[in-house]
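The block underneath contains the structure these notes are about, expressed in structure tokens.
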Amino acid sequence: MTEVGIKLAFSLAQIAVVMGIVLLTVMILTLAERKVLGWMQDRMGPMEVGPYGILQPIADGLKLFFKEDIVPAGASKFLFSLAPILALVPALIGFAVIPFGPNKTIELFGYQFQPFVISDINIGILYILAFTSIGAYGIILGGWSSNNKYSLLGGLRAAAQVISYELNVGLAIVGVLLLAGSLSLVKITEAQSGGFWHWYVFAFPFPQIFAFVVYVISSVAETNRLPFDLPEAESELVAGFFTEYSGMRFAFFFLAEYANMILVSCIAAALFLGGWNAPYPGTLVERLGLEGLAWVEGVVWFAAKVYFFLFLFFWLRATLPRLRYDQLMRFGWKVMLPIALGNILVTAIAAYLFPR
Amino acid sequence: MSHLFFLYFAGVIVATSILVVALRNPVYSALSLLIMFFHVAGLYVTLHAEFLAAVQIIVYAGAILVLYLFVVMLLNVKRDERYHVQAPAAAFLGLVLLTEVVLLVSQRAYQTAPAGLPAADQAGNTETIGEVLYSTYLFPFEVASLILLVAMIGAIILAKKNIDEC
């Protein structure tokens, strides 16, 4: 019983740390997004709260917390309350299988623990795909239960968009899985060690560069970010599926969107850019003679890659106009899908001809 | 312990399946179906079929049920009374199925849990499923994909307004 207890306590501590970091990153992101957008548009961004506006996220959080919680007349109250939770939980639950650092074990009270991954299950990537697809229910039901035409339209758009682009995400990943021969994110990351030419974006026998592009574009669409933010297109649908939401319920949708951004960035970093592997063989810290601290370098590289993707999200938002709905569908089904399928075909042949 | 899990999953599956047909609001029906899919996936996990569990959620909960919801919301069906017309047929079918279940249970009596392929427990079941699917069950697999292809072509033909145009 003590073994179970200690392992449970360790897992809970891991979960608490990961959730804390994710929520902290969301806070930073809300500020970073407004700052980056401001700079790209030659503005200052938020400047009022604290020096250079760095306390803005706290002010925003407090404001959302104290807002009146309104349930619109004629809304389905149960689903209206359930929808934000359904959106947020799947976004956070996916972090359970992300390897944040080197796959080493530490010994604590005589038991083995992996400090940098909460759970290394052998269907890791499928687990994430399964739960991100559940996140769509929050949006759809939020749109439906609000008893508002704009919300309903937003929800419908979300349903169609998520189904279309989820397919592309899944197919883009298949190429990497063919090369790695595993569904576990830990094993996939480990297979990419030893320099950036081993990362699956560039890897022999067939670089997954097309899959990478398809994955990045589709994941932007799946997280409902610009230029694919049709479910919440403010110039057409007021605010889409969360038009009627206020206070903490709105904050939940907001958190879910940002947590999803972080999650897809983590997956992209782990699958295509080598996860915590440095772009050169080994680690610099190790060569300096500090083997015990090699994990710091791994975690820093992972964070750097994730933040690169998050910056890409902001960059796209500042650069591109929103797609029209028919353009979105045509692009997803007639451009992305054939590329992803072709990539699988070529990768399969290459992996067969040049087995590792 | 595993019996407790089984009883929980089985109980929720039965309850939500009844709710799917008993609830008047189609959106709530779809939601109970969602809960049911999750618990079926949970049942697979207790049987160490993690791959099947993940695919169950991705395919059924992630794609098919979203499409159901899409249609329900698009048609904006509020309440439906059509179930009453089918009551006699449903009662007959239910009786037949109940007889089957009773017969099966009485014949099998008590058996130990069905053993999976022994190889599946060693190599991780994703690899094993792949190997078995493309060797032992290659023919049924190809037939299934052919049937799906036919269904796809059928859907395209139905959706096309004027076939002569293309």
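What you see is a predicted model, and the numbers here were worked out from it, not measured in a lab. Reminder, nothing fancy here: chain letters follow the sequence lines and each chain counts from 1.
Nearest heavy atoms, A130(A) versus A54(B): CB-O, 4.1 Å. Pairing each heavy atom of Y137(A) with each of L65(B), the nearest pair is OH-CB, 3.0 Å.
Of the atoms belonging to L167(A), not a single heavy atom falls under 4.5 Å from chain B. If you measure heavy-atom distances from I123(A) to chain B, the contacts under 4.5 Å come from the side chain alone. Residue A158(A): no heavy atom, backbone or side chain, is found under 4.5 Å from chain B. Heavy-atom distances place both the backbone and the side chain of A61(B) under 4.5 Å from chain A. In this structure, the portion of L31(B) lying under 4.5 Å from any heavy atom of chain A is its side chain and not its backbone.
Within a 6.0 Å radius of OH in Y60(B), no more than 12 heavy atoms belonging to other residues, nucleotides or ligands are found. Summarising the local packing, OH of Y325(A) is surrounded by more than 12 heavy atoms from other residues, nucleotides or ligands at distances under 6.0 Å. Sparse packing is recorded around CZ of F6(B), with 12 or fewer heavy atoms of other residues, nucleotides or ligands lying under 6.0 Å away. Around OH of Y150(A), the count of heavy atoms belonging to other residues, nucleotides or ligands within 6.0 Å does not exceed 12.
With respect to chain A, the highest number of heavy-atom pairs below 4.5 Å among V59(B), V55(B), L34(B), L67(B) belongs to L34(B). Contact count against chain B (heavy-atom pairs under 4.5 Å) is highest for L79(A) among L79(A), V162(A), L183(A), I140(A). The greatest number of non-hydrogen atom pairs below 4.5 Å with chain A, out of A53(B), G130(B), A63(B), G62(B), is found for G62(B).
In this structure, CG on L129(A) lies 5.0 Å from CD1 on I58(B), to the nearest 0.5 angstrom. Atom-to-atom distance recorded for Y127(A):OH and I57(B):CD1 is 9.5 Å, nearest 0.5 angstrom.
Using cut-offs of 30° and 60° on the angle between ring planes, the pair Y28(B) and W144(A) is perpendicular.
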